[in-house]
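Each remark here refers to the structure printed beneath this line.
Chain A is the first sequence line, chain B the second, and so forth, proteins listed ahead of strands; every chain is numbered from 1. Only heavy atoms go into these numbers, but all of them, side chains included; no hydrogens, no water, no symmetry mates.
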Protein chains: 2
Amino acid sequence: MAQTDDKGARDTGTLGKLMVLLDLVTHAEAPLRFTDILALARQPRGTLHRQLGHLVDEGLLELDAEGRYAPGLRLLDLASRSWARNEFRLIAAPHLAALHRQTGETVHLGVLRGSSIIYLDKVEGHQPVRMYSQIGNASPCYCTGVGKAALSALPADKLRELLPGLHFHRFTPATHVNAESLLTEIGDIVSAGHAYDREEHEAGIRCVAAPIWSDDRSFIGGVSVTGPAYRLSMELLHEWAVPAQMTARKIMDEMRIRLGPRR
Amino acid sequence: MAQTDDKGARDTGTLGKLMVLLDLVTHAEAPLRFTDILALARQPRGTLHRQLGHLVDEGLLELDAEGRYAPGLRLLDLASRSWARNEFRLIAAPHLAALHRQTGETVHLGVLRGSSIIYLDKVEGHQPVRMYSQIGNASPCYCTGVGKAALSALPADKLRELLPGLHFHRFTPATHVNAESLLTEIGDIVSAGHAYDREEHEAGIRCVAAPIWSDDRSFIGGVSVTGPAYRLSMELLHEWAVPAQMTARKIMDEMRIRLGPRR
DNA sequence: TCCTTACTTCCATTATTTGGAACTTAATTT
DNA sequence: AAATTAAGTTCCAAATAATGGAAGTAAGGA
């Protein structure tokens, strides 16, 4: 099993239990106190206390003077190495830059992981970029351009496995809220070769995305051109579909050369 | 270089052992095969195999089709949340932008963690930024501007604890290679209120940095103005020292307001 | 001061990890 | 093609670490 599912995070094993806890704290809006975590994690006091202690010892969590737990900086160092070495990102980078030059809009690179899209890179305009605000973020697959494009490259059996696990959240009035309508659109995306996000994740934001996959489909991602709805009409977005698909094609070609034809 | 740690990274406990392994793989130059890791980690075959399996199950490592282990993408998602919520960075961001506008050079924000500086933010010019290439990176404290500035804010007893643990690596001819010369310079930095990096970490790169600390010294970091030696003469760098110190002062003032005066 | 709430420590019990060895699979040589 | 070597995987009794109920301590009111 190459990719870990959302389900994959079993809470068995010492590491599994600790990762559940780490997720709980990192996904919170603000630092959590011991009692808050106690209410969320179904663990006895003593056990939870020691588990949090271990995570703090390792720098995965930080405990401030007011006794609140927040994500630790150790994660940053680990992640920067993960990102710096990621082969897919390294291969894609120049092609993303070219697509950005061609379109003048923000370009994203994402990879499917379980039922989430993790953004690996972003090329945007002049302003001093808040890259991290996007890179690394896990977004749902059912309401993002890259996500839906990726789903269109998923073999039918994997797609059937994935769909029941989705929890549809209505981010905007345009968000898919059930598997049926999503599945219908995925059919269209397969034929067209590209996917649109019609303000489904964030109001006022549109994108067009093209899927990227390895021959054996063990790896699936996508590239997108994103921008504000006031500037990107659906007609203009349609024009960027072909450049996006060509960029995806070039990245796939280079992956085949660099990583071998099987994958 | 293996320079991260501090007393924190004990290899006792299940999590500690797994983190040692995770560090080993993330710090490697390239993906490692099982046998490579076996040679590096002092673990029996069976034990190592199960440990790696757990890390892969949790998405902290990834195992490719050729049986090579690489850092996993789960780390990216965790880290992006750690970064997005970091209070110090959020407070500092507008002040970094202002310093960048004033100097026209690259501005860095870093925090001392053990004997490493972890870069938390970066503001640089127009080019589509490779932020992650710097953000999150752990660099040694003894050869970076932010690092030496941070050391100058460390209480004497903490500094004495830290020094013997340093492993001096001669990155360039100008790098400090022993505690004595470093200690002498730290004395100068304390008086001056700012630190220079005279091409000590990377040839051709200079910077001036000012320390940032909380009242109780539980938190120590720094801000720097960095640029190529051909453009930043030592004289020009000297001019940026005051703006850097004023930026540090503003950040500290705001931290005192937002996080309470004790810290 | 007493009372409540929040957090921390203790330790006999329980569950997980350990690691040597046997086993399977893949690659290389004869 | 068979034999040989190397690489990776699985097994299970013993060793070790995690568990969790309960008792202890500290902080913040009334």
Open item on the list: Both B/Q51 and A/G67 contact DNA chain C. Taking the nearest nucleotide for each, which residue is further toward the 5' end?
Closed with: A/G67

OP1 or OP2 of [N] under 4.0 Å from side-chain N/O of [X]:
{"X": "B/R50", "N": "C/dT17", "value": "no"}
{"X": "B/H49", "N": "D/dG8", "value": "no"}
{"X": "B/T47", "N": "C/dT18", "value": "no"}
{"X": "B/T35", "N": "D/dA6", "value": "no"}
{"X": "B/K17", "N": "D/dT16", "value": "no"}

Task: Options D/dA18, C/dT18, C/dT8, nucleotide nearest the side-chain atoms of A/F34 - done: C/dT8

To the nearest Å, give me how far apart [atom1] ([X]) and [atom2] ([N]) are.
{"X": "B/L21", "N": "C/dT17", "atom1": "CG", "atom2": "P", "answer": "14 Å"}
{"X": "B/R42", "N": "C/dT18", "atom1": "CZ", "atom2": "C1'", "answer": "18 Å"}
{"X": "A/Q43", "N": "C/dC7", "atom1": "CD", "atom2": "C1'", "answer": "17 Å"}
{"X": "B/L48", "N": "C/dG20", "atom1": "CG", "atom2": "P", "answer": "13 Å"}
{"X": "B/L32", "N": "D/dG8", "atom1": "CG", "atom2": "C1'", "answer": "16 Å"}
{"X": "A/E66", "N": "C/dT5", "atom1": "CD", "atom2": "C1'", "answer": "18 Å"}
{"X": "B/Y69", "N": "D/dG8", "atom1": "OH", "atom2": "C1'", "answer": "9 Å"}
{"X": "A/L18", "N": "D/dA18", "atom1": "CG", "atom2": "P", "answer": "8 Å"}

TODO: Flag the pair A/R89 / A/W83 as yes when at least one side-chain heavy-atom distance between them is below 4.5 Å, and no otherwise.
DONE: yes

TODO: Check whether any side-chain heavy atom of B/R74 lies under 4.5 Å from a side-chain heavy atom of A/D23, and answer yes or no.
DONE: yes

Task: Touch class at under 4.0 angstrom, heavy-atom based, for B/T14 against every strand present - done: sugar-phosphate

- [ ] Report the relative orientation of the aromatic rings in B/H49 and B/F34; use parallel for angles under 30°, tilted for 30 to 60°, perpendicular for over 60°.
- [x] perpendicular

Open item on the list: With hydrogens left out and only the distance checked, is there a donor-acceptor pair under 3.5 Å joining B/R45's side chain and the base of D/dG8?
Closed with: yes

Task: Criterion salt bridge (Lys or Arg N to Asp or Glu O under 4.0 Å) on A/R113 and B/E62, from CA distance to verdict - done: CA-CA 12 Å; A/R113 182 159 189 84; B/E62 280 174 17; 3.0 Å; yes

Open item on the list: Restricting to non-hydrogen atoms, name the atom on B/P31 and the atom on A/R85 that form the minimum distance, rounded to 0.1 Å.
Closed with: N-NH2, 3.3 Å

